[in-house]
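Each remark here refers to the structure printed beneath this line.
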Amino acid sequence: MFDNLSFNSNLCIVFEPQNILEMADIAEKVKSIIVEKLGVEASEVTPEASFTNDLGADSLDTVELIMEFEKEFNVSIPDDQAENIQTVGQAITYLEENAK
Amino acid sequence: MELKRVVVTGLGALTPIGNTVSEYWEGLSTGKSGCGPITKFDAEKFRTRFACELKNFSVEEFIPRQEARKMDPFTQYAIVASDEAIKDAGFDMEAINKNKVGVIWGSGIGGLKTFEDEMIYFGKGDGTPKINPFFIPKMIADSSSGQISIRNGFRGPNYVTVSACSSANNAIIDAFNYIRTGRINICVTGGSEAPVTIASVGGFTAMRAMSERNDDPATASRPYDVNRDGFVVGEGAGALILEEYEHAKARGAKIYAELIGGGFSSDAYHITAPHPEGYGALLSMMDALEDAQIKPEEVDYINTHGTSTPIGDPQELKAIVDCFGDHAYKMSISSTKSMTGHLLGGAGAVEAVASILAIQHQFVPPTINCKDLDPAIDQNLDLTLNQGKARKIDIALSNGFGFGGHNATVIFRKV
């Protein structure tokens, strides 16, 4: 029966991963970076969680997190905007709006 | 001013021939080589493709991964060895006055791997400095002593001595001075190095300072052999707990040995080559003997700097003969670098530990790999070639000499 099927290669759509960063992907990646860098449990990484108050980050950890986000999502986060990224949710929102 | 007595009440060792003090002594006393092919980076295009690396060492067994990743390997090694020494000393951490506990550590280079990794990453970029915020605190040499104090809450004097391969001896002597002058009661001291990296191996081979015996690494570190062709780089750490004698006695501490003297000198000669007459080495040993207030004849064992370089080994032995006269032929001498390789800034620490263990066990660890004794070396010296031996050791002396012409000597005595 397969003999009757013809395969049209033009129907294959190649997705460029960087073009279709789904919202869910961004959130998951942000969480996994935080788990990796801060050594916290994934369950602690809730949208409301503050890096410094809830997840034990110091000022250097926070700078490193922002740099990791920049690297992972290929964005440049200006200092004045980085200062406003204090929680997991703020990071996700910023990256959803700005990730390339 | 009446100087206080200073004793050793704890030891730690993380070395290419053993990851604990007992494993280290097992390796030392049986003449084990810690040398093998480099696994830490691709050394295929390097003139030297072997080193004395740590074996079966996983830092996460000792330090949580999140803490360990903020430390260069040389600091990780410092933590592991100092943890062993602190545990060995058996302190009641609630009872000791932590404000009077210092940490004075030695490292010749500091966080070289961290420096390399960050600069390689930068070099691959477009010139934008995306430098990791932990780069500086990981790299700087004093992060080792800082991390030891943070881990244990020790709030006394805290710094790292940097004098290349005499760094750890300088650290031990500084610690000694703070305790004997009554400034502190206890000091964690020693040294560490993590120099199996591209810049280090590449740099030392460029100087032609390292052995290139790639076909037989295990015998490459061969002090005093006529065919020695340079040192073998090694990694790891040694740690000592120095404690004021009455303080140690009052808490019923186990005492390994007494630190009775420290000596220093400078060659004032050349940035890498030792003084051709071994004058700096002689001055350092004489200074240490004077500080210890002992006669040269009282020294039973010398753990030499003995790096297995063609130029360095004979000068030190000449200095020993000049310093000790006829007694030079009655004492035992050995280079344990033949087994551990050269731990650079950590060398003095692991060799101080070796000297103290030699006193404890009344046993001289050997100089391995010497098949044909260099005819330029005094043939009547007892260099403990290839096999260790039991002998009376009341006093042991350990030398460390560093690029830059720094020399430092420490002397331990059986208690």
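Hydrogens, waters and symmetry mates play no part in the numbers below; they use all other heavy atoms, side chains included. Order of the sequence lines fixes the chain letters, A, B, ..., with proteins taken first and strands second; residue numbering starts at 1 for each chain.
Between B/I86 and B/F154 there is a side-chain heavy-atom pair separated by less than 4.5 Å. Using a 4.5 Å cut-off on side-chain heavy atoms (C-beta onward), B/V201 and B/V233 make contact. With contacts defined as side-chain heavy-atom distances shorter than 4.5 Å, the pair B/V353/B/L240 qualifies. Contact of the A/D54 side chain with the A/E44 side chain is not registered, since no non-hydrogen atoms from C-beta on lie closer than 4.5 Å. Considering only heavy atoms from C-beta on, A/V30 comes within 4.5 Å of A/L95 through its side chain. The closest side-chain heavy-atom distance from A/F51 to A/T87 is not below 4.5 Å. Using a 4.5 Å cut-off on side-chain heavy atoms (C-beta onward), B/N152 and B/I148 make contact. Contact annotation: the side chain of B/V21 never approaches that of B/D88 to less than 4.5 Å [non-hydrogen atoms, C-beta and beyond].
Of all residues in residues 66-85 of chain B, those placing a non-hydrogen atom less than 4.5 angstrom from a non-hydrogen atom of chain A are B/Q66, B/R69, B/K70. The contact list for residues 120-144 of chain B toward chain A, using heavy atoms and a distance under 4.5 Å, reads B/Y121, B/K130, B/I131, B/N132, B/P133, B/F134, B/P137 by residue number. Of all residues spanning residues 91-116 of chain B, none has a heavy atom less than 4.5 Å away from chain A's heavy atoms. For residues 36-45 of chain B, a heavy-atom distance under 4.5 Å to chain A picks out no residue at all.
Within 6.0 Å of CG in A/D79 there are 12 or fewer heavy atoms belonging to other residues, nucleotides or ligands. Counting heavy atoms of neighbouring residues, nucleotides and ligands inside a 6.0 Å radius, atom NZ of B/K55 exceeds 12 of them.
Between the side chain of B/S200 and the backbone N or O of B/T197 there is no donor-acceptor pair closer than 3.5 Å. Side chain of B/S167 to backbone of B/S163: a donor-acceptor contact under 3.5 angstrom is found. In terms of modelled atom types and a separation under 3.5 Å, the side chain of A/Q90 and the main chain of A/Q86 share a donor-acceptor contact.
Taking the six-membered ring for Trp and the full ring otherwise, the centers of B/F62 and B/F57 sit less than 6.0 Å from each other.
Residue A/K71 touches chain B through its side chain alone, counting heavy-atom pairs closer than 4.5 Å. Residue A/V40 does not touch chain B at all, counting heavy-atom pairs closer than 4.5 Å.
Shown here for A/D58 and A/T62, the closest heavy-atom pair between the two residues is O-OG1, 2.9 Å. Closest non-hydrogen pair, B/N158 versus B/S145, comes out as OD1-OG, 2.7 Å.
Residues B/D174 and B/Y159 have side chains that bring a donor and an acceptor to within less than 3.5 angstrom of each other.
For chain B, the option among A/E68, A/K37, A/E70 with the highest count of heavy-atom pairs below 4.5 Å is A/K37.
Between A/E36 and A/K31, no side-chain nitrogen of the basic residue sits less than 4.0 Å from a carboxylate oxygen of the acidic one, so the salt-bridge criterion is not met.
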